[in-house]
Every structure is written in structure tokens, then in C-alpha cells.
Amino acid sequence: MTADPGQLISLADYEAAAEASLQPGAHGYYYGGAGDEITMRDNRAAWGRLAVRPRVLVGVSERDPCVTLLGRRRPHPLIIAPMAYHKLAHPDGEIATATAAAATGAIICLSTFATTGVAELARAVPDAPRWFQLYVFSDRGASRELVAQAVDHSYEALVVTADRPVSGVRQRDLRSGIEAAPARFLPSATAAGADGVTTPAAFTALIDADLDWTDIERVAADSPLPVIVKGILTPEDALLAAEHGARGVVVSNHGGRQLDTVLSGADALPAVVDAVGDRLDVLVDGGIRRGTDVLKALALGARAVMIGRPVLWGLAVDGAGGARRVIEILLGELDTALALGGARRASDLDRSFLCPAPWSAGQR
Ligand code: FNR
Ligand code: LAC
């Protein structure tokens, strides 16, 4: 079948189309990374350094992308990563993204930096499977208030982000001046006593840069929801997360937006999986753009993957429909990867399905 010219059939197509429809400052904020963007680019390249070792003749007429996450079966491993400011992409913002989540069975992880409130999102799209991403404020009462709202509104997990005590050096934003742009309304800021209309820099200042493992332990002890620590790149920190009450970790470098030249998720993942074994659910994100990338993450031992920027590209191009289509494209590609990789079930994948890619030898 030949695709219509102009039809958007890959995540790369959405990325290109979004650039045309976004204001340059907003596009730079979404797209960009820290420093020289070495890690940001490597997040994508790292999946390409793995080759698939496909198995054949295993009978793949029925494929099952189900995974078990936090003890529950999920229809597939895709989660929408927590991302700030969806209303920069589309006026319906996070509500449109949640609509896409509800339609596809993907979990939406709502950011503390969201342009839609915790309760508002749940009321608007009650069917969306949802997690809440927590930036812990210096004002702990404000953070407890946000967690209480998440509990009251049936969010299923708390994702505590650990890799953003301060913002990375984002030269695209410094150049575009987006930090100085008219502030956006961030409902979570009201919990911390701000009037809600804050710039990214002002909001960042509310985050407690002294957060440590005892705080994670306290959040986990106080919260009826399972806690997942996001932004882990070493087995040492993954083990600390397990010791301090977390149920999971997201192996992540924040999309290459925080410290440049750190490891990619793909490269950091295996050692984390090996260190924690069954003690934690290990998730990964960064640069996942193809079904084969998802297959590789699962084969390395991730239970699920978070998808970041492509969802914003979908949102920018066509609101809820675009975000939905992005998830559907990736699910379709994952299905094909399972069939042609020779895994009937996502749970059949292991490292025997992978080897170093010969085409990338010497590139590390
Ligand atoms: C993010 N990310 C992020 N993470 C987080 O824990 N809280 C947040 O508020 C945000 N905000 C945010 C905004 C934007 C515009 C981007 C692109 C990213 C990081 C995000 O959750 C995730 O780790 C990466 O985006 C994953 O990489 P890819 O898929 O974008 O390459
Ligand atoms: C970012 C935030 C808000 O990466 O975490 O822009």
C-alpha cells in the first residue's frame, strides 16, 4: 500500500509537521536539550546501536503486547511521559492528551508543571488511566496537598522526579527568551502559595533542591499510592530507591534536558535491571520513536516505556486526535516488531533477542 503524500505515518512525520505549527519558542522548549544536546541526540542513537536477533517459525498469528506493571496487567507498555505545558501545543492541553490516553489504553502521567489541574483532568477524562508526577516543593504541605488530590481522584501511582533539583542549561530557551515569555497558569503552583501564573524559572524555584532519600522514604510511607522514582541512571541509585520504599524507577535522563553527556536510557538500563532484579519495576524513557525501540527496551528488561516529545508533536498537529494517532502508530509498529521478531508475547522478550549492531561498531 502506498501512503498518501502528506499523510502522517510515522512519529518522525509528526515531529516535522509540529515544527511547522508551533511558535518557534515553544518548539525550541519542547524539542531542545541541555548543553550541546549530546545526550539528547544519543538517546535516539543508542536504540540504533542494538540489533534485533529475530526468531522465525514460532507462530505469531496472535500477538499479545500486555505487560504487568505495579502488579497489574496493562494492555501494552506505553506510558505518556510527564511533560510540562501541554497548552503551549494545543488549547485543550492535557485534557486532549488524556483523551488520547483513554482511547489507546496508555497511561497519562500528569506533570506537576501541567497547565491542567489534578482534579480537573480526572473530572474531564475519568476513563484515562493516570499517574501523577510529583516535583517535591520546599513547602511540603503544598506537596502533600497535591498528593491528596491525586489519591482522591484515582491516580494510580506517584512518579517522583529526582533529576531536576535545578534546571539544566537550555540554550534554545535562553536564546528564544521563552523563560521571559508571558507566564502560563500552572494550577499546581497555587498549592504552593503562588498565584498560579508562573514562569518556568519561578516554578522551578518552588522545587526543593535539597530533596534526599529520606524524603523519598517519607513520601512512600505517607502515600497510599506506589512511588516510582524517575531520573535514575545508576544501579547504585536504583538500589537506594528500593531500600527507601519505591516500587519502581524510571531509567531516564529527562530527555537529555538536564545534564548533558550523561548516559542514554538504553545504555543505562541493563545494569539497573541486573542490580534490582525483581525488587523494582524498571521503566525507561528517552528517544523511543519506533516499535523496534520499544521491543528493545522490553528485551533489556524494562516493564514499560515512557514516550515524551512525540506525544506533544501529535498534540500540536491535531489535538487529541494527533496524540492518539502517535500512540497508535507506535502500537502498530510494536505489533509488527513482535510478529517479525518472533515473540508472540511481549513477556517472551529477553536479551537473546538483541546483539550489538554491527553497523555501529566503533561509534561508541
Ligand atoms: C519533559 N520531561 C519532564 N519530566 C518530568 O518528570 N516532569 C516534567 O514536568 C517534565 N517536563 C518535560 C517537558 C518537556 C517539553 C519534555 C520534552 C520533557 C521529561 C519527560 O518526562 C521524559 O523523561 C523525556 O521527555 C523522555 O524523552 P523523549 O521521549 O522526549 O525523547
Ligand atoms: C522540563 C521540565 C519542566 O524538562 O521538567 O522542562
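Atoms within each ligand, like the ligands themselves, are counted from 1 in listed order.
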Numbered in order shown, the ligand 2 atoms found under 4.0 Å of a heavy atom of R170 are 1 (C), 4 (O), 6 (O)

shortest atom 22 (C) of ligand 1-to-protein heavy-atom contact is with D285 OD2, 3.2 Å

Do S264 and N43 have side-chain N/O donor and acceptor atoms under 3.5 Å apart?
no

Q.
For a 4.5 angstrom cut-off between non-hydrogen side-chain atoms, does P270 reach R351?
A. yes

Note to self: Between D173 and S176, do the side chains contain a donor N or O and an acceptor N or O under 3.5 Å apart?
What the structure shows: no

Taking 4.0 angstrom as the limit, do D293 and R44 come out as a salt bridge?
no

Would you kindly check if the NZ (Lys) or CZ (Arg) of R130 is within the cone defined by 45 degrees around the ring axis of Y155 and under 6.0 Å from the six-membered ring centre? yes

of all protein heavy atoms, closest to atom 9 (O) of ligand 1 is S111 OG, 2.6 Å

Open item on the list: With a cutoff of 4.0 Å, is F203 in contact with ligand 2, counting heavy atoms of the residue only?
Closed with: no

- prompt: Cluster question for you: counting only ILVMFWY and a side-chain heavy-atom cut-off of under 4.5 Å, with indirect links fine, are V305 and V67 together?
  reply: no

### Query
How about H86 and T97: does a side-chain donor come under 3.5 Å of a side-chain acceptor?
yes

| message | Salt bridge or not between E37 and R172? Use side-chain N to carboxylate O under 4.0 Å. | response | yes

shortest atom 3 (C) of ligand 2-to-protein heavy-atom contact is with Y29 OH, 3.5 Å

For atom 29 (O) of ligand 1, the closest protein heavy atom turns out to be G308 N, 2.9 Å

Note: heavy atom closest to atom 31 (O) of ligand 1, options R164, M83, R289, H86, belongs to R289

Would you say ligand 1 has an N or O under 3.5 Å from any N or O of R257?
no

Notebook entry, point to check: Is R257 close enough and on-axis enough to Y29, meaning under 6.0 Å and within 45°, for cation-pi?
Noted result: yes

- Message: Can you confirm whether R164 sits close enough to Q258 that some side-chain heavy atom of one is under 4.5 Å from a side-chain heavy atom of the other?
- Response: yes

Here the atoms of ligand 2 under 4.0 Å from any heavy atom belonging to R257 are 1 (C), 4 (O), 6 (O)

protein heavy-atom neighbour closest to atom 6 (O) of ligand 1 works out as T161 OG1, 2.7 Å

| N/O separation below 3.5 Å, A84 to ligand 1 | yes

T292 side chain near W47 side chain, heavy-atom distance below 4.5 Å: no

Applying a strict 4.0 Å limit to heavy atoms, is Y31 in contact with ligand 1?
no

Margin query: Please determine whether any non-hydrogen atom of L312 lies less than 4.0 Å from an atom of ligand 1.
Written below: yes

Atom 2 (C) of ligand 2 has as its nearest protein heavy atom R164 NE, 3.2 Å

So for H254 against ligand 2, with non-hydrogen atoms under 4.0 Å, the contacting part is side chain

Ligand 2 to Y135, heavy atom cutoff 4.0 Å, flagged ligand atoms 2 (C), 5 (O)

Q.
Side chain or backbone, does Y30 bring an N or O within less than 3.5 Å of an N or O on ligand 1?
A. no

Distance-only N or O hit between ligand 1 and I288, under 3.5 Å: no

Under 4.0 Å from one or more heavy atoms of A84, ligand 2 contributes atoms 3 (C)

min-distance protein heavy atom vs atom 3 (C) of ligand 1 -> P82 O, 3.0 Å

With F203 as partner, the option from Y135, F185, F137 fulfilling ring pair (Phe, Tyr, Trp, His ring centres under 6.0 Å) is F137

